[in-house]
There are 2 protein chains.
Amino acid sequence: MSIKAEIMNTLKHEILTLSLKPGTILSETALSERFQISRTPLRDVLKQLALESYTDIYPKKGNMVSYIDLESVEQITYLRSTLEKEILKDLSSQLLLTGLHELKEILERQKEVIGKENDIDSFLNLDDAFHRAMYRLAGREFLWNLIQQSNVHYLRYRRLHMLKTEKLEGIWKEHQTLLELLVHKETEKIGPLIHHHLREDIHSLDFQENFSEYLSKGV
Amino acid sequence: MSIKAEIMNTLKHEILTLSLKPGTILSETALSERFQISRTPLRDVLKQLALESYTDIYPKKGNMVSYIDLESVEQITYLRSTLEKEILKDLSSQLLLTGLHELKEILERQKEVIGKENDIDSFLNLDDAFHRAMYRLAGREFLWNLIQQSNVHYLRYRRLHMLKTEKLEGIWKEHQTLLELLVHKETEKIGPLIHHHLREDIHSLDFQENFSEYLSKGV
DNA sequence: CTCACTAATCTTGTATACAAGATTTTCTTG
DNA sequence: CAAGAAAATCTTGTATACAAGATTAGTGAG
């Protein structure tokens, strides 16, 4: 399984970082030459990529890297906002000291990479690490993993959104505020903050105009 | 694609109705004879079933119908409970008359099949129809479909749970109450009701003892 | 009888030849 | 030159032969 998993991770990474742009054709024969493997295991990989919406399969025509679907982004942020509001409420009444320390440590590392150029990957990874840690500390890592399976569109949207407007500092500060609210158990302020943190700017027309080449035309 | 989709629906139905019991071996060659098709397209189907946790693939050993994982059931009910609480809050401020009529109609049909023997399938389908309609009316059908992709364990748990204890009447009444709270916009009472509706009895040891043969032993 | 080893027979995993639809190119015809 | 038809060449879809690991049956030695 290792070789197929490796190919899949490679392709996922290239799609998520937009190194493979939406609309790019992924030919089975081309990929089989690139990875020096036959078409059969490659088809397994492409099938799974399609199931997770990384690609679309057009029968007898080809496999194409999917365009970013803003409807999916909106739905996922609604889901996460609702869920994380509840998770933080749970955490505020049961968060252990070790957990708090872990979250603080992630925030420290995240602050360090804000200044550096070309390190947006590290920042985004630490952003995920922060949210994931919240899920795990609340006993909800299962749900984090579930969401990841439908996260292609959101992850690409987030990357483009951050490239455009340099708001890394603001995001970091919101994480910081979130932790403070958690410590002081001011649960009533957490909901609105999470909502702003995840769903702000979702309907920005500015974004749609700037990156229309990457976007799904559907609706 | 039609033929493969048909095979997949058949197998999914047999697994969900427990006609294919957890632990049953699904051999590629046996299935290829049954459906009169070669192994290649059948592998596609089995791959997708495994991805949705209907089966587990043990490399070089075989495909096996998955055991019911109660951890998954607990996580999914937490997700649904949280999400539907929010969705009903949204609905209470924007529900149209046509939508209300639709929900009432589903409830009427559901009441009709309560008495009849051997019609638990119809009852469960209408149960899904009711909840799904809520998602759709709130513009969240996308999330309903997302949850369905990870719903095998919950759906089988629900079926067994209802076979054991005849609580169809109670479930129907909760739906009825939900509608009334919605109409009268008593949003503060909806949360606890949804929680009870979806998550009651989740940790019942009675269930685990009665159906241990169907359950995953993990943890 | 029991245990260990071997061989046969399962299983899925991979490579490849061929089928069939979609596209593009080329050539013929006006 | 233009337009349309035909053919070559793409694409994925399917069937099948073979590879390789896992299990099981059987056989022989003690």
Side-chain angles (χ1 to χ4, degrees), chain A residues 1-12 14-15 19-67 69 152 213-214 216-218, chain B residues 1-12 14-15 19-67 69 152 213-214 216-218:
Chain A
M1 193 59 174
S2 181
I3 178 71
K4 280 202 279 187
E6 204 170 314
I7 293 175
M8 188 153 80
N9 288 336
T10 301
L11 290 176
K12 278 188 176 178
E14 291 177 0
I15 290 173
S19 160
L20 281 173
K21 292 180 184 169
T24 304
I25 300 295
L26 295 181
S27 153
E28 293 179 0
T29 52
L31 289 176
S32 73
E33 284 181 18
R34 171 179 171 188
F35 292 107
Q36 287 295 303
I37 200 171
S38 85
R39 275 180 59 216
T40 307
L42 251 168
R43 278 176 62 79
D44 288 351
V45 173
L46 286 171
K47 188 106 195 309
Q48 182 161 349
L49 288 178
L51 231 64
E52 295 185 29
S53 295
Y54 282 78
T55 58
D56 296 307
I57 299 178
Y58 298 93
K60 304 282 174 97
K61 283 200 273 188
N63 298 58
M64 194 178 76
V65 176
S66 67
Y67 287 96
D69 175 27
V152 213
E213 59 182 322
Y214 292 149
S216 161
K217 275 76 186 176
Chain B
M1 192 59 175
S2 181
I3 178 71
K4 280 202 280 188
E6 205 171 312
I7 294 175
M8 189 152 82
N9 287 337
T10 302
L11 290 176
K12 277 188 176 179
E14 291 178 0
I15 291 173
S19 160
L20 281 174
K21 292 179 184 170
T24 304
I25 300 296
L26 296 181
S27 152
E28 293 179 0
T29 53
L31 289 175
S32 73
E33 285 180 18
R34 171 180 170 189
F35 293 109
Q36 288 294 304
I37 201 172
S38 85
R39 276 180 59 217
T40 308
L42 250 168
R43 280 176 61 78
D44 289 351
V45 173
L46 286 171
K47 187 105 193 308
Q48 182 161 350
L49 288 178
L51 230 64
E52 296 185 30
S53 295
Y54 282 79
T55 59
D56 295 307
I57 299 178
Y58 298 93
K60 303 282 174 97
K61 283 200 273 189
N63 298 60
M64 194 178 75
V65 177
S66 67
Y67 287 97
D69 175 27
V152 214
E213 58 182 321
Y214 292 150
S216 161
K217 275 77 185 175

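Numbered from 1 within each chain, the chains take letters A, B, ... in sequence-line order. Source: prediction; values computed, not measured.
Positionally, the nearest nucleotide of DNA chain D for A:Tyr58 lies more toward the 5' end than for the other of A:Tyr58 and A:Thr40. Of the two residues contacting DNA chain C, namely A:Pro41 and A:Lys60, the nearest-nucleotide position lying further toward the 5' end is that of A:Pro41.
Counting to the nearest Å, the P atom of C:dT14 and the CD1 atom of B:Ile57 are 11 Å from each other. Atom-to-atom, CG of A:Leu31 to C1' of D:dT12 comes out at 13 Å; the value is rounded to the nearest Å. Rounded to an integer number of Å, the gap from B:Gln36 CD to D:dT14 P is 15 Å. What separates CD of B:Glu33 from P of C:dC10 is a distance of 12 Å, to the nearest Å. Regarding B:Ile25, its CD1 atom lies at a distance of 10 Å from the P atom of C:dT11, rounded to whole Å. One interatomic measurement links the two molecules: CZ of A:Arg39 to P of D:dA15, which rounds to 14 Å at whole-angstrom precision. Rounded to whole Å, the distance from CG on A:Asp44 to C1' on C:dT12 is 11 Å. One can place CZ of A:Arg43 at 13 Å from C1' of C:dT16, the figure rounded to the nearest angstrom.
Under 4.0 angstrom from either OP1 or OP2 of D:dT12 there lies at least one side-chain N or O belonging to A:Asn63. Checking the phosphate oxygens (OP1, OP2) of C:dA15, a side-chain nitrogen or oxygen of A:Ser38 falls inside 4.0 Å. An OP1 or OP2 oxygen of D:dT11 is reached within less than 4.0 angstrom by a side-chain nitrogen or oxygen of A:Thr29.
Salt bridge status for B:Glu213 with B:Lys21: absent, with no side-chain N to carboxylate O gap under 4.0 Å. A:Arg34 and A:Glu14 are joined by a salt bridge, as a carboxylate oxygen and a charged side-chain nitrogen come within less than 4.0 angstrom of each other.
Nearest nucleotide to the side chain of A:Ile37, out of D:dA22, C:dA15, D:dT16: C:dA15. Here the side chain of B:Lys61 is nearest to one of C:dT14, D:dA22, C:dT11, namely D:dA22. Relative to the side chain of B:Glu28, the nucleotides C:dG13, C:dA22, C:dA17 differ in distance, and C:dG13 lies closest.
Note that CG of A:Leu46 is 6.0 Å distant from CG of A:Leu31, once rounded to the nearest 0.5 Å.
Heavy atoms of B:Leu26 sit under 4.0 angstrom from primed sugar atoms or phosphate atoms, though from no base atom.
Heavy atoms only, all atoms of each residue included: A:Glu28 and A:Asn63 are closest at OE2-OD1, 4.4 Å.
The only option from A:Leu49, A:Leu42, A:Asp44 that meets the side chain to side chain contact (heavy atoms under 4.5 Å, CB included) definition with A:Met8 turns out to be A:Leu49.
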